[in-house]
Amino acid sequence: GENVEQHPSTLSVQEGDSAVIKCTYSDSASNYFPWYKQELGKGPQLIIDIRSNVGEKKDQRIAVTLNKTAKHFSLHITETQPEDSAVYFCAATGGFKTIFGAGTRLFVKA
Amino acid sequence: DTGVSQDPRHKITKRGQNVTFRCDPISEHNRLYWYRQTLGQGPEFLTYFQNEAQLEKSRLLSDRFSAERPKGSFSTLEIQRTEQGDSAMYLCASSPVTGGNYNEQFFGPGTRLTVL
């Protein structure tokens, strides 16, 4: 069945460093790839997304890249801040169905 | 606040009891989704509505689970004869059908269910 694998499961960085989270997907029909940030006790919040006809997208300190051939996509956070500490989920959407990765817990040490 | 709301936020019940959760989506959103999230995992798709029509159900949604969206606005998720394995966070999300962000799902805060 459809699957999204996400690595690493935990990531610890120093404030100001960059953080990279990688995902792979299996469903060739996936055409929309959102990234969500989830803080304790809250629902996931969209932070950036990319569609299958685009290879890269950037929004301030956050960027996402997509390699459709390899079915890989990645999240890059630069100049990390303590408030970036949270769980991050990648997801792949085909039609109305969205499959989420297992999440990456990011710790940013001040 | 015009975001997605869910009620209750927390529910503790005894095994075998029935529970019902409510989701109020963003008012102009036609699509509504239910997900289940267990500790340390990403949300797992349960079911999807477009307006009042339930168009897809996951195999995760056993016959003890039923969801409705009678008027195409709010939705309810009922779990009958709850089991300890049903303990999880139940998330609702909504999205518009058209527009530049038609894929974007807006999530509610979730209902945390604990089955004793």
Side-chain angles (χ1 to χ4, degrees), chain A residues 1-11 21 23-27 29-54 57 59 64 66 73 75 86-106, chain B residues 1 3-7 9-10 21 23-26 29-51 53-61 88-112:
Chain A
E2 300 95 350
N3 186 48
V4 174
E5 294 192 359
Q6 182 171 348
H7 300 280
S9 57
T10 305
L11 180 59
I21 302 170
C23 290
T24 60
Y25 63 98
S26 61
D27 187 358
S30 298
N31 58 6
Y32 173 69
F33 304 90
W35 286 86
Y36 288 88
K37 177 182 181 181
Q38 188 172 29
E39 297 174 321
L40 198 62
K42 297 183 179 180
Q45 300 294 312
L46 182 78
I47 55 171
I48 195 167
D49 56 13
I50 191 167
R51 299 188 188 278
S52 59
N53 58 349
V54 175
K57 183 177 178 180
D59 182 5
V64 59
L66 171 65
F73 57 117
L75 176 72
V87 180
Y88 292 81
F89 293 99
C90 63
T93 298
F96 53 77
K97 191 165 185 181
T98 297
I99 307 295
F100 285 80
T104 296
R105 183 170 294 279
L106 175 64
Chain B
D1 188 345
V4 178
S5 62
Q6 292 187 245
D7 185 70
R9 294 292 308 277
H10 304 273
F21 309 141
C23 170
D24 286 89
I26 294 172
H29 286 183
N30 305 82
R31 295 178 172 172
L32 186 146
Y33 312 78
W34 284 99
Y35 293 86
R36 181 173 67 187
Q37 185 177 27
T38 53
L39 200 62
Q41 297 298 315
E44 295 175 291
F45 171 81
L46 292 179
T47 191
Y48 158 72
F49 290 86
Q50 181 153 324
N51 299 312
Q54 187 175 21
L55 298 185
E56 182 73 10
K57 289 173 59 174
S58 165
R59 288 168 294 178
L60 293 173
L61 215 63
M89 175 78 85
Y90 289 85
L91 292 164
C92 175
S94 69
S95 69
V97 173
T98 58
N101 60 341
Y102 66 91
N103 282 128
E104 180 179 350
Q105 294 183 33
F106 295 79
F107 281 84
T111 294
R112 181 165 295 284

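Residue numbers begin at 1 in each chain, while the letters A, B, ... track the order of the sequences. When reading the values below, keep in mind they use all heavy atoms of this one structure, side chains included, and skip hydrogens, waters and symmetry mates.
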Exercise. Among B:Pro109, B:Pro43, B:Ser58, which residue forms the greatest number of heavy-atom pairs with chain A at distances under 4.5 Å?
Worked result: B:Pro43

Exercise. Say you draw a straight line from CZ of B:Phe49 to SG of B:Cys23; how long is it, rounded to the nearest 0.5 Å?
Worked result: 10.0 Å

Exercise. Does any heavy atom of chain A fall under 4.5 Å from the side chain of B:Arg9, the backbone, both, or neither of them?
Worked result: side chain

For this session: Tell me, for A:Pro44 versus chain B, whether the close heavy atoms (under 4.5 Å) come from the side chain, the backbone, both or neither.
Result: both

Seminar exercise, completed: Bottom line for B:Gln50: the part with an atom under 4.5 Å from chain A's heavy atoms is neither

Exercise. Between the main-chain N or O of A:Cys90 and the side-chain N or O of A:Gln6, is there a donor-acceptor pair closer than 3.5 Å?
Worked result: yes

For this session: Mind listing the closest non-hydrogen atom pair of A:Tyr25 and A:Val4 along with its distance?
Result: CB-CG2, 4.2 Å

Exercise. Measuring from B:Leu91:CG to B:Gln6:CD, what's the distance to the nearest 0.5 Å?
Worked result: 6.0 Å

